[in-house]
Each structure stands twice: as C-alpha cells, then as structure tokens.
2 protein chains.
Amino acid sequence: MARVNTKQLITEAAVRVAARHGISGASMDQIAEAAGVAKGSLYYNFASKDALFEEVIRSGFERLAGAIDAAREGADPSDAPRAVAGATLETLRGNLDLAKLMASEVFRTDRPWADAMEIARSSVVVRFRDVLREARAARSSTPISNGDSLAELTETAGAAFFGALAGAALDWLLFRPDQPVDRVLDQVLAAFEG
Amino acid sequence: MARVNTKQLITEAAVRVAARHGISGASMDQIAEAAGVAKGSLYYNFASKDALFEEVIRSGFERLAGAIDAAREGADPSDAPRAVAGATLETLRGNLDLAKLMASEVFRTDRPWADAMEIARSSVVVRFRDVLREARAARSSTPISNGDSLAELTETAGAAFFGALAGAALDWLLFRPDQPVDRVLDQVLAAFEG
DNA sequence: GTCTATAATCCGATAGAC
DNA sequence: GTCTATCGGATTATAGAC
C-alpha cells in the first residue's frame with residue numbers, strides 16, 4: 001500500500017473530471033492529472049476506464065442508501081418521508097459532482113456495468129417506496145382514517161419520489177443555489193399537495 | 001432541397017445513436033451510417049456535432065412544452081395537474097430515445113449549448129409550476145378551504161414535479177414496461193399524498 | 001507501486017469530385 | 001446537395017524502467 005490512498009485520489013478526481021465533461025468526455029489523461037498521479041497508476045489500480053467508473057457510480061448509490069437508512073432510524077414512520085427527503089437533499093448537496101454524474105448515467109442501459117448500476121438504483125428506489133408505504137400505513141391507522149381502498153405503492157412511486165428529489169436538488173444547486181435547504185424541501189412536498 | 005428531408009433523417013439517427021452511447025460516445029460516423037447518408041452530408045446540414053445536438057435537445061423540450069400546453073387547454077385548473085402529467089408520460093413514452101438523451105444531458109452545464117438548453121428546460125419547469133399554482137388556487141377557493149397561509153409555489157416545485165414524472169417514466173419504460181400508463185400516473189400522484 | 005514513453009486506434013472536421 | 005478520401009489530433013491501453 002502507498003503512503004496515501006492512491007485509489008481514493010483517483011476516484012475523487014474521476015468524479016470531478018466526469019462531472020464537467022461526462023464519462024465519455026473524461027480522458028484518463030485528465031483524470032491522472034487531476035489526481036496528481038501518472039496515468040500508469042490508473043491502470044495499476046483499475047482494470048480499465050469502465051471498471052473505474054463502475055466503482056464510482058456504485059459507491060455513490062451506496063452512500064445515498066446509507067444516508068436514507070440513517071435518516072429513517074431516528075424518525076417516526078409518519079415523519080420519515082420528510083426526514084428522508086431532507087437527508088437526500090443534503091447528501092446531494094454535499095456530493096454535487098457525484099450527483100450530476102449519477103443523474104447523467106442512471107438511465108444509460110448500454111454501459112458494461114448497467115446491471116450492477118440498476119441493482120444499486122433499485123435498492124434506493126425500494127427504500128423510498130418502503131418509507132412512503134410505512135407513512136401511509138401510520139396515517140391510515142389514525143382516527144382521521146377514511147374508507148378509501150388505495151392501490152399499494154410500488155417501486156414506481158419510489159422512483160417518482162426519487163426523481164422529484166433529484167430534479168429539485170439539481171435545479172436548486174445548479175441554478176438557484178441561494179435557497180435554504182428547508183425551503184427546497186417545502187417546495188418538493190408542496191408540489192403534490194392535493 | 002433534396003427529395004427526402006436529409007436534415008430530419010440525420011436528427012432522428014442522432015437521437016437513436018446517442019440514446020445508446022451518449023452524445024460524446026456517438027460518433028459522426030455512426031450517425032451517418034444510421035441515417036443512411038455520408039458523413040459529408042452531416043457537415044453540410046449542420047455546422048458541427050455540437051450544433052446538431054443543440055437542435056436535437058432543444059426540439060425535444062419544445063415538443064414536451066407543446067404537449068403540456070395542449071393538455072392544459074382542455075382541462076379545468078383543478079384537474080390540470082393530472083391531465084398534464086398524463087400527457088407528459090405519453091410524450092416520454094412516444095419519444096423514449098429522446099427522453100433518455102434529455103435526461104442524460106439536462107444537468108450538464110459544460111456544453112456549448114448549455115444556456116440554450118437551460119432556457120428550454122426552464123420553460124418546461126415554469127409550465128409545471130403554473131399548472132400547480134392554478135390547481136392550488138382553484139382548490140383554496142372552494143368551501144372546504146382552510147386558513148393556512150402557504151408559501152407560493154416556485155420553479156423548484158415545478159422542477160420537483162418534472163423530476164417525479166421523468167423518474168417514474170424512465171423507471172417504467174426501461175425496467176417495468178408492462179404497466180399501463182394510468183397505473184404509472186396513479187403511482188406518481190400517490191407518492192406524495194399526505 | 002508508480003513512473004515515462006509509445007503503440008494502435010478512433011474521432012471531428014475538411015477538401016474536392018460529381 | 002451528397003459523395004469519397006484523408007488530415008491532424010486525441011484517446012485507451014500497454015511495455016518496461018526504477
């Protein structure tokens with residue numbers, strides 16, 4: 001092992017460069033220069049450019065999944081959607097380059113790592129779905145409950161919630177960065193009232 | 001003018017190729033082959049690869065904006081969000097390759113055409129915001145209205161609604177295409193109830 | 001484990017025939 | 001207006017020194 005973690009230097013540089021130029025537009029030369037290492041070191045630590053970015057994207061979804069789980073633990077089910085949404089917005093803000101990269105790549109089904117990425121994306125979507133399901137269950141067991149028989153929430157609802165947060169977060173961070181995070185959160189939740 | 005519209009052949013081929021490989025990964029050779037014309041014809045009809053894809057992306061947002069406007073005309077303000085959401089889902093389904101391309105590119109701020117694309121994206125976001133605003137106004141003027149003073153909906157709410165629809169539509173069309181559109185629409189709107 | 005130097009390929013764009 | 005042929009440059013990946 002080297003004195004500093006060369007592998008981490010490389011992945012962080014890859015995120016920075018690819019956020020600006022896209023994955024196809026990010027050359028291994030640029031990444032090596034941004035990381036402060038020689039190009040040969042990239043190919044010692046990663047089998048190929050594809051292997052490098054598979055690692056980058058997969059770890060991005062894992063980070064987001066971890067933030068969701070942490071926010072879920074400390075919240076009542078009925079408050080969990082707001083708590084999870086807030087944690088998602090904060091995570092995207094703290095990893096803006098990675099968020100841009102994930103948004104650009106998440107629906108690309110041609111990459112060599114498409115299967116691995118869909119597993120990672122789906123694990124996040126399922127988390128959102130479960131948070132929404134539990135909030136609805138907690139609400140329908142209150143005295144105010146009515147008799148509507150609603151269709152069960154599916155992954156599609158989770159994907160919609162994820163999409164709303166990602167769309168609002170990137171609109172916010174790229175084009176209206178002066179808003180406080182709570183105001184963005186209020187706008188996301190208000191968009192669907194009624 | 002040629003017997004067939006070569007320019008349109010080229011833009012349609014560019015959408016197909018770029019949906020698979022991304023814009024940076026789509027070579028002018030591939031596009032020419034997919035369009036059934038020579039590469040020289042690409043450079044006769046478009047000044048550059050950048051100019052070609054600026055046209056492609058901009059026209060995609062214009063098509064979506066037109067579908068939104070058409071759905072808005074025939075609906076009561078309180079029903080407009082559902083009508084507009086349905087029209088958006090149908091438009092994305094009918095132009096899946098273009099939708100994938102737009103999703104991959106909409107948050108790329110480094111492109112030469114970034115300013116033009118942000119104007120096009122913003123015009124769609126504003127349409128969603130206005131539909132949501134009018135629905136809320138129509139609802140608050142009913143007898144059931146309460147005294148809550150809610151913050152006015154902003155572009156961020158429109159971006160959230162747009163993101164929810166795009167996220168749900170691509171999850172649907174790419175990974176769960178057997179669902180009927182009405183079920184997808186129900187899931188999107190149900191995700192935010194409460 | 002990291003470096004330099006180079007091989008082999010591919011790309012965007014242009015020139016000029018027809 | 002569309003074609004073929006080609007230029008100059010950039011890219012991924014590898015070889016071998018240290």
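By convention in this document, chain letters (A, B, ...) are assigned in the order of the sequence lines, proteins followed by strands, and residues within each chain are numbered from 1. No experiment lies behind these values; they were computed from the predicted model shown. The analysis underlying the following values was restricted to heavy atoms, covering all of them including side chains, and did not include hydrogens, waters or symmetry mates.
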> Can you check the A:Met28 CE to C:dT9 C1' distance for me, whole Å?
Replying inline: 16 Å
>> Rounding to an integer number of Å, can you tell me how far B:Phe46 CZ sits from C:dG12 P?
In response: 15 Å
> Atom CD1 of B:Ile23 and atom C1' of C:dC11: how far apart are they, to the nearest Å?
Replying inline: 16 Å
>> From NZ of A:Lys49 over to P of C:dT9, roughly how many Å is that when rounded to an integer?
In response: 19 Å
>> Taking only side-chain N and O atoms of A:Ser48, does any of them lie within less than 4.0 angstrom of OP1 or OP2 on D:dT12?
In response: no
>> Are more than 12 heavy atoms, taken from residues, nucleotides or ligands other than A:Glu62, located less than 6.0 Å from that residue's CD atom?
In response: yes
> Once you round it to whole Å, what is the distance between C1' of D:dG1 and CD1 of B:Ile10?
Replying inline: 11 Å
>> If only side-chain N and O atoms count, and only distance matters, is there a donor-acceptor pair under 3.5 Å linking A:Ser27 with A:Lys49?
In response: no
>> Are more than 12 heavy atoms, taken from residues, nucleotides or ligands other than B:Arg20, located less than 6.0 Å from that residue's CZ atom?
In response: no
> Reckon B:Ser41 has a side-chain N or O less than 4.0 Å from the OP1 or OP2 of D:dC3?
Replying inline: yes
> To the nearest angstrom, how far is B:Glu33 atom CD from C:dC11 atom C1'?
Replying inline: 15 Å
> Given C:dG1, is OP1 or OP2 found less than 4.0 Å from the side-chain N or O atoms of A:Tyr44?
Replying inline: yes
> Considering only side-chain heavy atoms of B:Lys39, which listed nucleotide, C:dA13, C:dC11, D:dT2, is closest?
Replying inline: C:dA13
> When you check the side-chain N and O atoms of B:Thr156 and A:Gln179, is any donor under 3.5 Å from an acceptor?
Replying inline: yes
> Over how many whole Å does the gap from B:His21 atom NE2 to C:dC10 atom P extend?
Replying inline: 13 Å
>> Measuring from the side chain of B:Ala38 (C-beta onward, heavy atoms only), which nucleotide among D:dC3, D:dT6, C:dT2 has the closest atom?
In response: D:dC3
> Quick one: which of D:dC3, D:dT11, C:dC3 gets closest to the side chain of B:Val37?
Replying inline: D:dC3
> Hey, which of these two, A:Ala47 or A:Gln30, hits DNA chain D nearer its 5' end, going by closest nucleotide?
Replying inline: A:Gln30
>> Need one value for B:Asn45: base, sugar-phosphate or nothing, where a base atom within 4.0 Å counts as base even if backbone is also close, heavy atoms only.
In response: sugar-phosphate
> Rounded to the nearest Å, what distance is computed from the CD1 atom of residue A:Ile31 to the P atom of nucleotide D:dA13?
Replying inline: 11 Å
>> From C-beta outward on B:Tyr43, which listed nucleotide comes closest to its side chain: D:dT14, C:dT2, C:dA13?
In response: C:dA13
>> Counting the atoms with a prime plus P, OP1 and OP2 as sugar-phosphate, which does B:Ala26 contact under 4.0 Å by heavy atoms, base, sugar-phosphate, or nothing?
In response: sugar-phosphate
> Would you call the rings of A:Phe192 and B:Phe161 parallel, tilted or perpendicular, where under 30° means parallel and over 60° means perpendicular?
Replying inline: tilted
